[in-house]
Protein chains: 2
Amino acid sequence: MDGLVRNRKIVDKYSVRGRVFHKIRDDILEGKYEMGEEIRETRIAGELGVSRTPVREAIRQLELEGLVSVILNKGAVVTGISPQDIEDIYNIRTLIEGLASRWAAEKISPRELKELEDIVDLTEFYINRQETEDLVVLDNRFHEILYESSHSKPLQHILSPFHHYVQNARRTSLSTPGRAEKALAEHKKILQALKAKDADLAEATTNQHVKNAAYNLLKNKFPR
Amino acid sequence: MDGLVRNRKIVDKYSVRGRVFHKIRDDILEGKYEMGEEIRETRIAGELGVSRTPVREAIRQLELEGLVSVILNKGAVVTGISPQDIEDIYNIRTLIEGLASRWAAEKISPRELKELEDIVDLTEFYINRQETEDLVVLDNRFHEILYESSHSKPLQHILSPFHHYVQNARRTSLSTPGRAEKALAEHKKILQALKAKDADLAEATTNQHVKNAAYNLLKNKFPR
DNA sequence: CTTGGGATAATTGTATACAAAAGTACCGCT
DNA sequence: AGCGGTACTTTTGTATACAATTATCCCAAG
């Protein structure tokens, strides 16, 4: 399941700071913190067996990501991602994810195209097992590579964290009957458009893909 | 010229770290660093008369903003904002800045509306002096408050740094003859739509406003 | 002259120390 | 009991110290 993973993360995970950063980040996104809960540097440092320095640097980075809010001389409180934030993110992605596809159609490299193909093939292989977690990972990679293929730093900079933030929401979405199959079919269409270098088609299908995902998600949230 | 400024910054500027952060950030945006230039923590610390700790924290935050790129055990190199990045940013803003206006039309508070009105009035007052710098500041505030008025954390999180990044580009754009007047007229139309709570109109006029700004900017970049 | 190796210096990564601010608890006073 | 003030504790902010990694330079071997 691994092997084609490269250095895709902004914050490397081999330094102590990087590990701390991803630990706190994932804990927040997985709901292990309450909203408004205060983060004590010494506690985190103690739990992870490190000093306060890397913990502080990680918290400062999370501040910039908007996941915590730091008050001078008082500390950091968890802000996290609210349901409203998730809805907003999907609305924004519906408008600009297609742009990533458009630019990808113009700039994608053979290697990136090959990676997308591999992921689609793998998804087809895994889709019958109903192992949602694997499908989420593959979905992550598909979109992550799509963002890279746009070769636009600003766009990647927006979409990559956004996609990460809604990972939990996507997990439940991909586990609803039929959604994984539809998502795969949509990924295939996007891939075809990219192979054909058809920017208009790539943009349209991608925007529709996000729109469908958003609909599926919000339908679950507000049933009927 | 000041007075209605509140605590709009993500990173406060009263801590040493905050001052260092904004110093390096502005230096990068103003082109005081070469692309690929390495940042030495000790040098910055020495120049600003502080220790390495706040400098490191600031650099880590700049890493997350994408303005520098940190390599483990090697240091930070300046990435900055390329002309291509600026073009990309305008393309993205053209798609989503209107969304900020749409949501603002639905959620703006009387206080925020008043602030926008004040800014428009001030702009009208300053526009004859041909003091571009003042107009840039007022333009900053208009858009910043617009973003706040959307009451969307994700949207604000994208647009606020984007708008800051292209500040230099906007400066030259606003100094071209007639552009400031046109921008003011467009701001007025946006404001009217917000006052009327007309979400569709607010979105359309704002998108057009960004599109015009982009056109004016890129026209200068690629004359004829 | 070029190249490889190794000591040395410079730089980053993490830990600890100290200073300053904020929170807490206890006591006396009204 | 309620209020306020003061000592004490906790927590954050910054500085410094130490460890680990990387860069530099010099010299000798080919």
Side-chain angles (χ1 to χ4, degrees), chain A residues 7 9-28 32-80, chain B residues 7 9-28 32-80:
Chain A
N7 190 10
K9 302 222 176 267
I10 297 175
V11 178
D12 83 280
K13 54 177 195 172
Y14 296 109
S15 63
V16 174
R17 168 183 56 88
R19 290 205 321 272
V20 173
F21 173 84
H22 288 292
K23 175 72 167 67
I24 304 178
R25 192 179 195 242
D26 292 343
D27 282 353
I28 291 175
K32 292 186 183 172
Y33 289 94
E34 301 288 323
M35 295 291 147
E37 185 175 341
E38 297 180 13
I39 295 183
R40 302 251 173 275
E41 297 171 359
T42 49
R43 187 181 63 77
I44 307 268
E47 283 176 11
L48 302 180
V50 300
S51 80
R52 275 178 57 214
T53 306
V55 175
R56 278 182 63 85
E57 293 183 356
I59 291 176
R60 263 48 189 186
Q61 293 190 304
L62 291 167
E63 176 188 20
L64 224 76
E65 280 228 324
L67 295 179
V68 310
S69 157
V70 173
I71 298 141
L72 184 62
N73 285 325
K74 242 200 121 252
V77 298
V78 175
T79 33
Chain B
N7 190 10
K9 301 219 176 272
I10 297 175
V11 177
D12 82 281
K13 55 178 193 172
Y14 297 108
S15 62
V16 174
R17 168 183 56 88
R19 290 205 322 271
V20 174
F21 174 83
H22 289 291
K23 176 73 167 67
I24 304 178
R25 192 180 195 243
D26 292 344
D27 282 353
I28 292 176
K32 294 187 182 172
Y33 289 94
E34 300 289 322
M35 295 291 147
E37 186 175 342
E38 296 180 13
I39 296 183
R40 302 251 173 276
E41 298 170 358
T42 49
R43 186 181 63 77
I44 308 267
E47 282 176 12
L48 303 181
V50 300
S51 79
R52 277 178 56 215
T53 307
V55 175
R56 279 182 63 85
E57 292 182 357
I59 291 176
R60 263 44 189 191
Q61 294 191 303
L62 291 168
E63 176 187 21
L64 224 76
E65 280 227 325
L67 294 178
V68 308
S69 158
V70 173
I71 298 142
L72 183 62
N73 286 325
K74 240 197 123 258
V77 298
V78 175
T79 330

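In the text below, chain A, chain B and the rest are named by the order of the sequence lines, each starting its count at 1.
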Give the table of side-chain donor-acceptor pairs shorter than 3.5 Å for residues 71-79 of chain A, with sequence neighbours excluded, one pair per line with atom names and distance.
| from | atom 1 | to | atom 2 | distance (Å) |
| --- | --- | --- | --- | --- |
| Thr79(A) | OG1 | Gly66(A) | O | 3.1 |
| Thr79(A) | OG1 | Leu67(A) | O | 2.8 |
| Thr79(A) | OG1 | Val68(A) | N | 3.3 |

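With sequence neighbours excluded, no residue satisfies side chain to side chain donor-acceptor pair (under 3.5 Å) with Glu37(A). Applying the salt bridge (Lys or Arg N to Asp or Glu O under 4.0 Å) criterion to Arg25(A), with sequence neighbours excluded, gives Glu65(A). Looking at residues two or more places apart in sequence or on another chain, you find a salt bridge (Lys or Arg N to Asp or Glu O under 4.0 Å) between Lys23(B) and Asp27(B). In this structure Glu47(A) satisfies the side-chain contact (heavy atoms from CB on, under 4.5 Å) test together with Arg43(A), sequence neighbours excluded. Every side chain to side chain donor-acceptor pair (under 3.5 Å) that Arg56(A) has, sequence neighbours left out, goes to Glu41(A), Glu57(B).
Bracketed by its first and final contacts, the part of DNA chain D lying under 4.0 Å from non-hydrogen atoms of chain B reaches from dT14(D) to dA23(D) in 5' to 3' order.
Where Val50(A) and Gly75(B) each meet DNA chain C at their nearest nucleotide, the meeting point lying more 5' is that of Gly75(B).
Within residues 35-46 of chain B, the residues that place at least one heavy atom under 4.0 Å from DNA chain C are, in residue-number order, Ile39(B), Arg40(B), Glu41(B). Scanning residues 52-62 of chain A for heavy-atom distances under 4.0 Å to DNA chain C yields Arg52(A), Thr53(A), Pro54(A).
Rounded to the nearest 0.5 Å, atoms OG (Ser69(A)) and CD1 (Ile39(A)) are 10.5 Å apart. With rounding to the nearest 0.5 Å, the separation of CZ in Arg52(A) from CD1 in Ile44(A) is 12.5 Å.
The separation between Lys74(A) atom NZ and dA20(C) atom C1' is 16 Å, rounded to whole Å.
Using a 3.5 Å distance cut-off with no hydrogens or angles, the side chains of Glu63(B) and Gln61(A) do pair a donor with an acceptor.
For His22(A) (side chain) and Val11(A) (main-chain N/O), a donor-acceptor pair under 3.5 Å exists by modelled atom type.
The two residues Gly80(B) and Met35(B) come nearest to each other via the heavy atoms CA-CE, 3.9 Å. Here the closest heavy-atom approach between residue Tyr33(B) and residue Ile28(B) is recorded as CD1-CG1, 3.7 Å.
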Dot-bracket for DNA chain C, please. Rules: Watson-Crick or G-U, both distances under 3.5 Å, ( ) within the strand, [ ] when a pair crosses earlier ones, | for another strand, . otherwise. ||||||||||||||||||||||||||||||
Go through Asp12(A) and Arg17(A) one step at a time and tell me if the side-chain contact (heavy atoms from CB on, under 4.5 Å) criterion holds. CA-CA 9 Å; Asp12(A) 83 280; Arg17(A) 168 183 56 88; 4.0 Å; yes
